[in-house]
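Just so you know, ligand 1 is whichever comes first in the structure, and atom 1 is the first atom listed for that ligand.
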Amino acid sequence: MSLALHTIQPIALCHSPYKQKFSIPRQAQLAPSAQAQIELLRPYNDPAYIEGIEQFSHLWLTFIFHENLAQGYKPSVRPPRLGGAQKMGVFATRSTFRPNGLGQSVVKLESVVHHQDACMLHVSGLDLLDKTPIVDIKPYLPYADSLPEAQAGIAQEAPKCIEVAFTEQAEFVLIQLEPLKNKKIKQWITEVLSQDPRPAHRKHKIDHKIYFSYLDRFNIHWQAQEKVIQVLHIEIKSNEL
Ligand code: SAM
């Protein structure tokens, strides 16, 4: 068989709280409180496919950057780390525009749920858009996958975080949620916005624009001030209170 004819099919679908690309952290684990479900698709929803998976705390997900496939790719990209001004080779970056459109993320496995025909992996800390097709799942192996001495050039350190503050109005919306949920959602919003989701060319500049981040059922209105991201208001779609 010619290698060019090898095709791959999704084995699972990600039900992610990230409903739009804007504001999704640039890597997994940057917002550890993000919770999602990985639904195994037929015929992989048979428990035989994941027997023993509970013994691993973290999993590798290989997935398709499905929202970007139509836009193709270029040999060079402008990594946000370099402010969007300088170019690097696509294979020297984690760009979402790449020849085979594949991404890889390590997520935390929270639990495994079987219910009739459904087989779900509950995970956290992901950087995947809702409805992302997953083409493979593998256990994360610390002895092989964690290399503290590895060099990572422009991306040696995690991106710097910015402080996030909530107005009284935003706090008021959150305290109407049940107490545990209130705390978790506030933590997640803080983790996401502390990454400063603005485009690279806007960062560190005076910016009066009000941004909207749709996180799960929450529409977060926010503004970047000099050294802090201020959550101005939060709208909640019904069923959340
Ligand atoms: N950890 C993965 C990797 O290194 O291959 C993904 C890194 S990529 C820079 C992360 C970004 O991909 C997110 O911030 C989000 O904007 C984008 N993204 C996530 N899921 C996507 C999808 N299904 N289609 C297109 N873009 C997606």
Test item: side-chain donor near acceptor, S33 and E191, under 3.5 Å |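 Yes.
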Of the backbone atoms (N, CA, C, O) and the side-chain heavy atoms from C-beta on, which set of R26 has a member under 4.0 Å from an atom of ligand 1: side chain, backbone, both, or neither?
->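 Under 4.0 Å from ligand 1, R26 contributes backbone atoms alone.
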Tell me which part of K131 gets within contact of ligand 1: side chain, backbone, both or neither, using heavy atoms under 4.0 Å.
->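 It is neither; nothing of K131 touches ligand 1.
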Number the atoms of ligand 1 from 1 as they appear, then name those within less than 4.0 Å of a heavy atom of [X], with their elements.
X: N68; value: 25 (C), 26 (N)
X: G103; value: 5 (O)
X: T132; value: 20 (N), 22 (C), 23 (N)

Charged N-O contact under 4.0 Å between R198 and D207 |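 Looking at D207 together with R198, the answer is yes, because their closest N to O distance falls below 4.0 Å.
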May I ask you to say whether R202 pairs ionically with D196, meaning some side-chain N is under 4.0 Å from a carboxylate O?
->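 Salt bridge flag = no for D196 with R202.
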[atom] - nearest protein heavy atom and its distance:
atom: atom 4 (O) of ligand 1; value: R94 NH1, 2.6 Å
atom: atom 3 (C) of ligand 1; value: Q104 O, 3.1 Å
atom: atom 26 (N) of ligand 1; value: K21 CD, 3.5 Å
atom: atom 6 (C) of ligand 1; value: D127 OD2, 3.3 Å
atom: atom 27 (C) of ligand 1; value: F65 CD2, 3.6 Å

Answer yes if the ring centres of F212 and Y214 are under 6.0 angstrom apart, and no otherwise.
->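 No - the distance between ring centres of F212 and Y214 does not fall below the 6.0 Å cut-off.
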Polar atom proximity, P25 to ligand 1 (N or O, under 3.5 Å) |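 N/O-N/O distance below 3.5 Å exists for this pair.
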Polar atom proximity, L129 to ligand 1 (N or O, under 3.5 Å) |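 By distance alone, the answer is yes.
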Within less than 4.0 angstrom of ligand 1, does I64 place any heavy atom?
->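 So I64 counts as touching ligand 1.
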For K21, does the NZ atom sit with more than 12 other heavy atoms under 6.0 Å from it, leaving out its own atoms?
->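 Buried by this count: over 12 neighbours within 6.0 Å.
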Please determine which of H122, E39, Q37 meets the side-chain hydrogen bond (donor to acceptor under 3.5 Å, both in side chains) test together with H15.
->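 Exactly one option meets the side-chain hydrogen bond (donor to acceptor under 3.5 Å, both in side chains) with H15, and it is E39.
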Geometric class of the Y44/Y49 ring pair [parallel <30°, tilted 30-60°, perpendicular >60°] =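 Correct class here is perpendicular.
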Give a yes/no verdict on a cation-pi contact between K186 and F166, requiring under 6.0 Å between NZ or CZ and the six-membered ring centre and an angle within 45° of the axis.
->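 Ring-cation test returns yes.
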Is the backbone N or O of V231 less than 3.5 Å from a side-chain atom of T167, with the two atoms forming a donor-acceptor pair by type?
->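 Between the backbone of V231 and the side chain of T167 there is a qualifying donor-acceptor contact (under 3.5 Å).
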Among T96, I24, L128, which one has a heavy atom closest to atom 15 (C) of ligand 1?
->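 It is I24 whose heavy atom sits nearest to atom 15 (C) of ligand 1.
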